[in-house]
Amino acid sequence: MLLINDLLDGKCKLPSEWDPKLRFTPRRSDYALDEVVQLSCAGKIPEKFAPSVPQIECISRGAQTQWNETPTCKEMCKRPQWDYRLQLAPDLENYKKNEKVMLSCPQGFQPPFTEIQCQTQFQDDDYGTFGYEEFWLGRDSGGAWARIHSSVECIEVLQVDPEGFEISSTSIKLKWTCRFPDACQGMRAMCRLAAPSSPPCEAEEVDAEQMFHGQEGTFTCSHLQPFTEYSVTIDLPPNTTLFSRFFTTQESVPDKPEQLWLDPDTGSLRWSAPPSCNGDIIGYQLSITARNAGDSSVLETERLRLDGSVTEHRLPGHSPGSSYAVMLQGLTAAGAGAALTREFHSNSSSDTPHPQAISCRGARDIAPSQGTAVLPLSPIARGSEAAREHQLIVAATHNASLIESICSEQAQLSNASAYQAALLNLSAATDFVLGDGSRGQGMNNAALSPGRDYTALLRLVRRGPQAEKFTCVCYSFSLEQTVGQWHWIVIGLVVLLVDRLVVAIILWLVHSR
């Protein structure tokens with residue numbers, strides 16, 4: 001009820017019949033026309049109450065003065081101390097009992113309740129403690145009001161599992177879950193190049209786009225370029241971005257180096273670094289197989305691991321008449337790429353191939369019937385390396401390329417076609433009986449098969465942190481099948497029997513006529 005005063009007095013009286021919890025600032029017995037008075041509430045639990053209006057004003061209306069409002073102290077709830085990202089409408093410090101408040105979250109998030117309501121109740125427990133309890137109700141998806149027992153937080157509408165990212169050199173795959181299926185209708189995922197590509201690493205733009213349906217699923221960008229940055233976004237029309245992230249595809253092995261040449265003046269190999277399109281070039285694998293014109297039965301292969309900043313390496317033992325088979329591979333974190341191979345000759349100023357065939361040493365006392373052959377071995381290691389262990393490898397082939405691969409451990413040994421026959425501590429020249437079945441050297445020196453071609457390699461391996469060197473001496477021979485005396489006797493008897501059978505058939509035909 002408005003308190004009305006006589007206009008002649010020109011003042012508004014301090015109201016005494018209003019809510020006794022009301023407090024006035026300033027507090028006087030009367031107030032001048034147009035004076036504004038600030039309001040607050042007091043009581044046993046003053047923080048539970050607030051004035052219905054923050055202030056009142058003494059105004060004139062006709063022939064009287066009166067207050068513009070009739071305030072009361074109402075039960076209130078303080079602004080809830082929930083997720084700082086929550087947006088409340090209206091946005092106040094205190095809310096009246098039963099006052100409905102709308103909740104919202106930033107783009108891409110949603111609260112579990114879109115509408116809440118302030119409630120208070122007086123409580124008195126068994127210990128004589130009493131007072132007002134404030135709490136909030138939230139309207140659930142079904143429209144019913146339920147008491148909120150915990151903090152309300154902004155929840156991501158779309159959750160993308162960071163542990164479910166599957167990134168390869170050519171694809172990006174992620175798993176998604178929609179926490180509010182009704183809010184995810186029409187979601188769209190897109191995959192694009194993060195930035196325009198430039199030579200020499202030109203990547204084509206991808207056109208990966210997918211509409212989402214349901215509560216969970218996967219999204220895959222495929223046919224991508226290695227070691228390239230892409231952006232993946234998931235949008236909700238008309239302009240809400242639910243997920244956005246940049247991904248870099250994994251590295252793959254580098255492309256084959258394009259240039260490799262020999263500097264005839266320095267005897268050094270030089271090459272051009274391949275572009276880092278598939279990954280950072282962290283190093284090179286260089287394999288050099290040297291053949292000496294003076295003894296083509298000796299193979300020397302050196303495998304080196306060089307730093308990515310190195311683009312030059314001096315040939316070992318560069319001398320006239322030598323030929324070199326060189327293989328160069330770039331290295332990324334994914335491994336070694338395709339190899340560039342070249343053949344060089346020390347007397348040539350160009351990289352024109354000058355292949356030099358392997359000419360292996362021979363064996364003696366070959367005994368096909370016993371499956372043995374004698375190899376005249378000489379130690380490869382000398383001086384400080386004299387105690388090094390030599391390997392004797394046997395391969396049932398005369399193929400030069402395969403022999404080179406076995407020498408440098410690029411071809412795996414197998415029990416059938418290539419195997420280690422013995423480990424030898426050679427300190428002087430010695431004759432070794434290959435195939436006599438002895439186990440004196442700790443390995444099975446199995447008998448050889450008649451009628452087959454064989455190559456034996458005496459191999460010495462030296463290993464270091466960044467280099468491996470393989471030196472081999474090859475021995476080539478064949479176990480040709482010979483026909484003995486008894487074999488000829490058997491053949492003669494068979495021929496005699498066949499002749500007599502033919503004569504008997506002819507006589508029978510004559511008499512039968």
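What's counted below: heavy atoms across the whole structure, side chains too, no hydrogens, waters or symmetry copies.
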> Do V152 and D83 come close enough that some side-chain heavy atom pair is under 4.5 Å?
Replying inline: no
> Would you say the side-chain atoms of S268 and D263 include a donor-acceptor pair closer than 3.5 Å?
Replying inline: no
> Are the side chains of V374 and F477 in touch, meaning some heavy atoms are under 4.5 Å apart?
Replying inline: no
>> L269 vs Y324, test: side-chain contact (heavy atoms from CB on, under 4.5 Å). Steps then yes/no.
In response: CA-CA 11 Å; L269 291 169; Y324 303 90; over 6 Å; no
>> Is it true that T177 and Q159 share a donor-acceptor pair across their side chains at a distance under 3.5 Å?
In response: no
> Within the distance-only criterion (no hydrogens, no angle test), does the side chain of N445 pair as donor or acceptor with the backbone N or O of G435 below 3.5 angstrom?
Replying inline: yes
> Tell me the disulfide (SG to SG under 2.5 Å) pairs involving residues 232-276, sequence neighbours left out?
Replying inline: none
> For Q107, does the CD atom have more than 12 heavy-atom neighbours from other residues, nucleotides or ligands under 6.0 Å away?
Replying inline: yes
>> Quick one, W136 with I148, criterion side-chain contact (heavy atoms from CB on, under 4.5 Å). Give me CA distance, side-chain angles, the key distance, then yes/no.
In response: CA-CA 6 Å; W136 291 87; I148 300 174; 4.2 Å; yes
> With a 4.5 Å limit on heavy-atom distance, are the side chains of Q87 and P106 in contact?
Replying inline: yes
> Would a 4.5 Å heavy-atom cut-off, applied to side chains only, mark D436 and L434 as touching?
Replying inline: no
> What do the steps show when you test T301 against S408 for side chain to side chain donor-acceptor pair (under 3.5 Å), and what is the final call?
Replying inline: CA-CA 6 Å; T301 298; S408 59; 4.8 Å; no
Donor-acceptor contacts under 3.5 Å from residues 222-245 side chains, at least two apart:
{"from": "T228", "atom 1": "OG1", "to": "P226", "atom 2": "O", "distance (Å)": "2.8"}
{"from": "Y230", "atom 1": "OH", "to": "Q225", "atom 2": "N", "distance (Å)": "2.9"}
{"from": "D235", "atom 1": "OD1", "to": "T241", "atom 2": "OG1", "distance (Å)": "3.3"}

>> Counting C-beta onward and ignoring hydrogens, is there a side-chain heavy-atom pair between E153 and Y84 closer than 4.5 Å?
In response: no
> If you look at every heavy atom in A333 and E251, which pair is closest and at what distance?
Replying inline: N-OE1, 3.4 Å
> Rounded to the nearest 0.5 Å, what separation is found between the CD atom of Q250 and the OG1 atom of T170?
Replying inline: 9.5 Å
>> Between L174 and D161, does the side-chain contact (heavy atoms from CB on, under 4.5 Å) criterion hold? Intermediate values first, please.
In response: CA-CA 7 Å; L174 51 85; D161 182 10; over 6 Å; no
> Can you tell me how far the OG1 atom of T311 sits from the CG atom of L328, to the nearest 0.5 Å?
Replying inline: 10.5 Å
>> I need the minimum non-hydrogen distance between S252 and T332, along with the two atoms involved.
In response: O-OG1, 2.9 Å
>> When you compare the side chain of C221 with that of S171, does any pair of heavy atoms fall below 4.5 Å?
In response: no
>> Restricting to non-hydrogen atoms, name the atom on C184 and the atom on V157 that form the minimum distance, rounded to 0.1 Å.
In response: SG-CG1, 3.5 Å
>> Quick check against the 3.5 Å criterion: does E302 have a side-chain atom that pairs as donor or acceptor with the backbone of K469?
In response: no
> Distance-only, no hydrogens or angles: does the S197 side chain make a donor-acceptor pair with backbone N or O of A203 under 3.5 Å?
Replying inline: yes
>> Could you check whether any side-chain heavy atom of V326 comes within less than 4.5 Å of a side-chain heavy atom of L286, counting everything from C-beta outward?
In response: yes
>> If I take atom CG from residue L460 and atom CG from residue L424, how far apart are they, to the nearest 0.5 angstrom?
In response: 11.5 Å
>> Does the Lys NZ or Arg CZ of R85 fall within the cation-pi geometry relative to F109 - under 6.0 Å from the ring centre and within 45° of the axis?
In response: yes
> Is any side-chain heavy atom of R342 less than 4.5 Å from a side-chain heavy atom of L262?
Replying inline: no
> Do the cysteine sulfurs of C472 and C407 sit under 2.5 angstrom from one another?
Replying inline: yes
> Can V298 and R361 be said to form a side-chain contact (heavy atoms from CB on, under 4.5 Å), step by step?
Replying inline: CA-CA 9 Å; V298 179; R361 301 176 185 179; 4.2 Å; yes
> Shortest non-hydrogen contact from S297 to C360?
Replying inline: CB-CA, 3.9 Å
> Under the criterion side chain to side chain donor-acceptor pair (under 3.5 Å), which of R459, H390, R462 is the partner of T471?
Replying inline: R462
> Step by step, would you call Y454 with Y475 a ring-ring contact (aromatic ring centres under 6.0 Å, His included)?
Replying inline: CA-CA 8 Å; Y454 284 97; Y475 299 81; over 10 Å; no
> Where do P275 and C201 come nearest, in terms of heavy atoms and distance?
Replying inline: CB-SG, 4.5 Å
>> Could you measure the distance from the CG atom of L426 to the CG atom of L458? Nearest 0.5 Å is fine.
In response: 6.0 Å
> Is the count of non-hydrogen atoms from other residues, nucleotides or ligands lying under 6.0 Å from Q81 atom CD greater than 12?
Replying inline: no
> If you round to the nearest 0.5 Å, how far is OG of S104 from CG of L86?
Replying inline: 8.0 Å
> Between R139 and F113, which heavy-atom pair has the shortest distance, and what is it?
Replying inline: O-CD2, 3.5 Å
> Between Y284 and W271, how do the two ring planes meet: parallel, tilted or perpendicular, split at 30° and 60°?
Replying inline: perpendicular
> Within the side chain of N278, is there an N or O that forms a donor-acceptor pair under 3.5 Å with the backbone of V253?
Replying inline: yes
> Is there a donor-acceptor contact under 3.5 Å linking the side chains of S287 and R303?
Replying inline: no
Under 3.5 Å, sequence neighbours excluded: what are the donor-acceptor pairs made by side chains of residues 205-219?
{"from": "E205", "atom 1": "OE2", "to": "L193", "atom 2": "N", "distance (Å)": "2.9"}
{"from": "Q210", "atom 1": "NE2", "to": "T218", "atom 2": "O", "distance (Å)": "3.4"}

>> I'd like to know if the side chain of N399 and the backbone of L402 have a donor-acceptor N/O pair within less than 3.5 Å.
In response: yes
> Say you draw a straight line from CD of E156 to CZ of F180; how long is it, rounded to the nearest 0.5 Å?
Replying inline: 10.5 Å
